Structures are given as structure tokens and as C-alpha cells.
Undergrad: 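The structure under discussion is supplied below as C-alpha cells; questions concerning it will follow.
Here is how names work: the chains are called A, B, and so on, in the same order as the sequence lines, proteins then strands, and each is numbered from 1. For clarity, every value in this text was computed on a predicted model and none was experimentally measured.
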2 protein chains.
Amino acid sequence: MRYRREDVVARALRVLDDYGLADLTMRRLGTELGVRPSALYHHFANKQSLLAAVADEILDRAPWPVHEEWEQQVALVCSVLRDSLLAYRDGAEVVASVWSFGLGASRPYDELLRALGKGGLGDLAPVAARTLLHFVYGHAVDEQTHLQAAAVGAIPDDVREESDFETGLGLVTAGIFLARAVRSAE
Amino acid sequence: MRYRREDVVARALRVLDDYGLADLTMRRLGTELGVRPSALYHHFANKQSLLAAVADEILDRAPWPVHEEWEQQVALVCSVLRDSLLAYRDGAEVVASVWSFGLGASRPYDELLRALGKGGLGDLAPVAARTLLHFVYGHAVDEQTHLQAAAVGAIPDDVREESDFETGLGLVTAGIFLARAVRSAE
DNA sequence: ACCTGAACACCGTTCAAGT
DNA sequence: ACCTGAACACCGTTCAAGT
């Protein structure tokens with residue numbers, strides 16, 4: 001009945017996926033592990049750190065792409081990220097907030113930065129990367145929220161036809177690719 | 001000592017701005033009004049409804065622009081929205097989550113939809129509007145979070161040079177304007 | 001190193017009852 | 001219509017003490 005940090009993270013991710021973020025409490029997780037809530041503070045300084053580890057675990061399991069044309073690499077990273085977020089209940093919200101608070105979840109940013117750097121975006125790369133992340137996180141949180149609301153029946157199961165993710169992503173990447181073309185023409 | 005719904009909303013907005021979202025609790029708000037927490041449930045069904053009203057109040061106070069070229073109108077709506085979110089502590093998070101949960105805060109979406117419709121975006125308008133909102137909300141939440149963290153001293157007061165909001169917005173709008181041009185050329 | 005026991009200072013929400 | 005009083009079922013976190 002003794003756990004290591006990684007055991008706790010794995011269990012937390014299961015609780016998240018099974019019951020949602022609202023039910024991922026220190027007390028609930030303790031119960032799930034057969035341990036007092038205070039025991040968790042031996043492994044994590046606080047709940048935020050736990051959530052940061054959960055976010056990183058989600059991202060570590062993602063099949064990050066390689067060896068592509070940089071434009072495709074950018075789009076692929078975004079798609080892989082989205083799929084990873086949607087693979088766990090409330091995954092988008094957890095990862096987005098950990099990243100926003102600067103507590104971790106930096107892998108997607110790094111991936112985008114590399115791809116954009118390869119494309120010669122120069123000092124525009126950081127803004128472009130963050131803009132892409134804002135879109136992906138925002139879209140994924142929205143989609144996951146509505147899926148959840150529809151599942152509970154709180155909302156008329158709207159058939160937002162087959163996800164407009166690719167369309168929206170296309171708009172953002174078009175702007176970025178255009179900026180690069182303009183920049184290299186100067 | 002008797003309040004109407006709007007009095008409660010106004011006070012809630014003040015508590016939010018003065019102490020932040022984490023301290024905007026039903027109990028705290030009750031104390032602030034000199035009233036038991038249970039009294040608030042006469043005015044609002046639950047805390048989410050209260051927050052929805054607060055979000056709408058923030059947006060109602062915004063100076064929504066009119067009479068511009070549609071491209072400028074789109075950019076202006078985004079800038080006005082951003083300023084409104086940053087005008088109150090944790091304003092971005094409150095408005096973004098209310099909108100995401102479908103409980104209100106729909107004014108910005110309506111404004112963008114109208115401007116984009118004027119521009120002839122056709123059935124691309126809804127995706128474009130949501131994409132813009134994802135950017136604005138994501139960027140504002142980020143900025144507000146980092147401002148807060150820097151104020152508390154939790155983070156090295158990073159001088160993210162004069163906000164890259166306009167640059168990022170430029171990337172997204174460029175993609176949208178390009179899509180419209182391509183579409184009208186077909 | 002990892003956990004228990006017990007406490008502290010909170011939450012949102014409900015509901016009968018008051019004026 | 002608006003509020004009180006009292007309760008229910010929870011939170012995150014700390015800390016001395018155990019093994």
C-alpha cells in the first residue's frame with residue numbers, strides 16, 4: 001500500500017477520465033488509493049502540482065509527429081494535440097490551464113516553435129505558436145464542454161457538423177503562412 | 001437592507017475586481033452585502049448564473065464600435081473585447097468560461113458574426129467568429145494570468161514587450177481575409 | 001520515505017420559517 | 001419578495017506523530 005509519485009499521477013488521470021475534473025479532488029483521489037488525503041502531500045506540494053503532472057502525463061502519451069514538411073508539421077502538431085486533449089475527460093481544460101499558469105504542459109509550444117523555426121518564421125515564431133495554441137485549446141475546451149453538456153442532456157445535442165476544427169485551423173495557419181511569405185519577400 | 005438582482009451583480013463585480021475570482025464566493029459576497037449566503041439564492045439559481053450575469057455586465061459596459069469598414073470592424077470588436085476583459089480582475093476567465101459553457105456572454109460572438117457577414121464571409125462566418133474569440137479569450141486569459149503572477153511576485157516580471165496582441169490578431173484576421181478573397185474569386 | 005489522525009478554515013446549496 | 005437559521009455534504013492544506 002505504498003505509492004510512488006508516478007502511481008499517484010496515473011491514478012489521478014484515471015479518476016479524471018472516469019469522473020471529470022470537478023470530482024478529481026485530493027480527498028477523492030486519496031480514497032481511490034486507499035490513503036488519507038494528507039498522504040498525497042508527501043508526493044505533491046499542492047493540487048496544482050498534481051494537475052501539472054497529470055497534464056504532462058497526457059502530453060507525454062501523445063504521438064508527436066516528425067519528418068514532415070514544416071507547414072504540414074505545424075498542422076499535424078495541432079491535430080495530434082487536439083486528439084490528445086479529447087482523449088481524456090476534461091483533458092483540454094486541465095492542459096490549457098496548466099499551460100496558462102506556466103506550471104508545465106510546454107511540450108506543444110516547443111513542438112510548434114521548432115516547426116515554425118524550420119519554416120523561417122524568425123521572431124514571429126513565438127507569437128505564431130501561442131496563437132495556434134490559443135486556437136487549439138479554445139476549440140478543444142469548447143468541444144469537450146459541449147460534448148459533456150450534451151451527454152448530460154443539459155443542451156440540445158447540437159450536431160455541430162463533424163467538427164470545424166480543421167476549418168478554423170486552416171484560417172489560422174493561412175494567416176501564418178501568408179505572414180511568412182510576406183516577410184521573406186521583403 | 002433589501003437588494004435587487006442588479007445590486008447583487010454590481011457588488012459581485014466589485015468583489016471580483018477587488019479580490020479576484022477565487023475570492024468571489026457566495027459566502028464572501030453575502031458578507032459583503034450584509035446578508036446570509038442563502039439569501040443570494042433568492043436572486044440566482046446558483047453560482048454559475050451569478051457569474052453569467054457578471055460576465056454580461058462586463059460586456060454591457062463595453063463601447064462596442066459601429067460604422068466602420070468591415071475589416072476594421074472585426075479588428076475593433078476584438079480590441080474592444082480585449083480591453084473590456086482586462087478592465088476587471090480575472091475578467092477574461094469569467095467571460096470566457098461563461099461563454100464556453102453556453103450560459104451567456106454572447107454579445108462578442110454576435111458582433112463578430114454581423115461584421116463578418118457584412119464582409120461576405122457567408123457560411124464561413126461562424127467558424128471565423130469562434131476562431132477569433134478563441135484567440136482573444138486565450139490571449140487575454142494568458143495576459144491576465146501573467147500580470148497576476150507577476151504582481152504576486154510568483155514569476156519574474158517578464159516584460160513580454162508591449163503585448164503581442166495586435167500581432168497575433170493580425171495573423172488570424174489575415175487568414176480570414178485571405179479566405180474571403182479566395183472564396184469571392186471562385 | 002510514506003502514511004495516519006486530527007484539526008483548521010473554508011466551500012455551494014437546500015429548506016423550513018420568518019417579515 | 002426578500003431574508004434568517006441551521007444544517008448537509010463537501011473542499012485544500014498543515015502538522016505532529018507513527019512505521
Undergrad: Between B:A45 and B:S49, what is the shortest heavy-atom contact and its length?
TA: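 Heavy atoms of B:A45 and B:S49 come nearest at CB-OG, 4.1 Å.
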
Undergrad: Mind calculating the distance between OH (B:Y41) and P (C:dA16) to the nearest angstrom?
TA: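 That distance rounds to 17 Å.
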
Undergrad: Determine the Euclidean distance between corresponding C1' atoms of C:dC11 and D:dA7; express it in Å to zero decimal places.
TA: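 That atom pair is separated by 14 Å.
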
Undergrad: Is a donor from one side chain sitting under 3.5 angstrom from an acceptor on the other, for B:D142 and A:H134?
TA: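 Distance-only check passes for B:D142 and A:H134.
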
Undergrad: Test B:D110 against B:R107 for salt bridge (Lys or Arg N to Asp or Glu O under 4.0 Å), laying out the working first.
TA: CA-CA 5 Å; B:D110 295 338; B:R107 180 78 187 268; over 6 Å; no

Undergrad: Quick check for you: among C:dT13, D:dC3, C:dC15, whose closest atom lies nearest to any side-chain atom of B:S38?
TA: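 Given the options C:dT13, D:dC3, C:dC15, the side chain of B:S38 is closest to C:dC15.
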
Undergrad: I need the CG-C1' distance between A:L40 and C:dC3, as an integer number of Å.
TA: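 The answer, rounded to whole Å, is 10 Å.
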
Undergrad: Cation-pi between B:R89 and B:Y19: NZ/CZ under 6.0 Å from ring centre and within 45° of the ring axis?
TA: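 Here B:R89 fails the 6.0 Å and 45° test against B:Y19.
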
Undergrad: Take atom CE of A:M26 and atom P of C:dA7, then tell me their distance rounded to the nearest Å.
TA: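 The distance from CE of A:M26 to P of C:dA7 comes to 21 Å, rounded to the nearest Å.
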
Undergrad: What nucleotide, of C:dC3, D:dT13, C:dT13, holds the atom closest to the side chain of B:N46?
TA: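 Closest nucleotide to the B:N46 side chain: C:dT13.
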
Undergrad: From the list C:dC3, D:dG12, D:dA1, which nucleotide is the closest neighbour of the side chain of A:R2?
TA: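 Between C:dC3, D:dG12, D:dA1, the one nearest the side chain of A:R2 would be C:dC3.
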
Undergrad: I'd like to know if A:T25 reaches the base of D:dG12 with its side chain, counting only an N/O donor and acceptor under 3.5 Å.
TA: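 Check fails, no donor-acceptor contact within cut-off.
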
Undergrad: I want to check one thing: is the phosphate of C:dT4, taken as OP1 and OP2, less than 4.0 Å away from some side-chain N or O of A:H42?
TA: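 False: A:H42 side-chain N/O out of range (4.0 Å or more) of C:dT4 OP1/OP2.
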
Undergrad: Which of the following nucleotides, C:dA7, D:dC2, D:dC8, is nearest to the side chain of A:R27?
TA: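 So the nucleotide nearest the side chain must be C:dA7.
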
Undergrad: Quick check for you: among D:dT13, C:dT13, C:dC3, whose closest atom lies nearest to any side-chain atom of A:V35?
TA: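 From the listed options, C:dC3 comes nearest.
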
Undergrad: Any side-chain N or O of B:H43 under 4.0 Å from OP1/OP2 of D:dC3?
TA: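 For B:H43, the contact criterion (side-chain N or O under 4.0 Å from OP1 or OP2 of D:dC3) is met.
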
Undergrad: For B:L50 and C:dT13, give me the distance from atom CG to atom C1', rounded to whole Å.
TA: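 These atoms are roughly 13 Å apart.
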
Undergrad: Let me know the distance between CG of B:L24 and P of C:dC11, rounded to the nearest Å.
TA: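 Interatomic distance, CG of B:L24 to P of C:dC11: 11 Å.
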
Undergrad: Can you measure A:R28 atom CZ to D:dG12 atom P for me and round it to whole angstrom units?
TA: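 In whole Å, D:dG12 P and A:R28 CZ are 12 Å from each other.
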
Undergrad: Rounding to an integer number of Å, can you tell me how far B:D23 CG sits from C:dC10 P?
TA: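 Rounded to the whole Å, the gap is 10 Å.
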
Undergrad: Run B:F135 and B:F165 through ring-ring contact (aromatic ring centres under 6.0 Å, His included) and show every step you take.
TA: CA-CA 9 Å; B:F135 169 73; B:F165 177 79; 5.5 Å; yes

Undergrad: When both hydrogen-bonding distances must be under 3.5 Å and the geometry is Watson-Crick or G-U wobble, what is C:dA16 paired with, if anything?
TA: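 Pairing partner: D:dT4.
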
Undergrad: Any N or O donor-acceptor pair under 3.5 Å from the base of D:dC3 to the side chain of B:R36?
TA: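 Between D:dC3 and B:R36, which were checked side chain against base, a qualifying N/O pair under 3.5 Å is absent.
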
Undergrad: Please state how far atom CZ in A:F44 lies from atom P in D:dT14, giving the value in whole angstrom units.
TA: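 Atom CZ in A:F44 sits about 15 Å away from atom P in D:dT14.
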
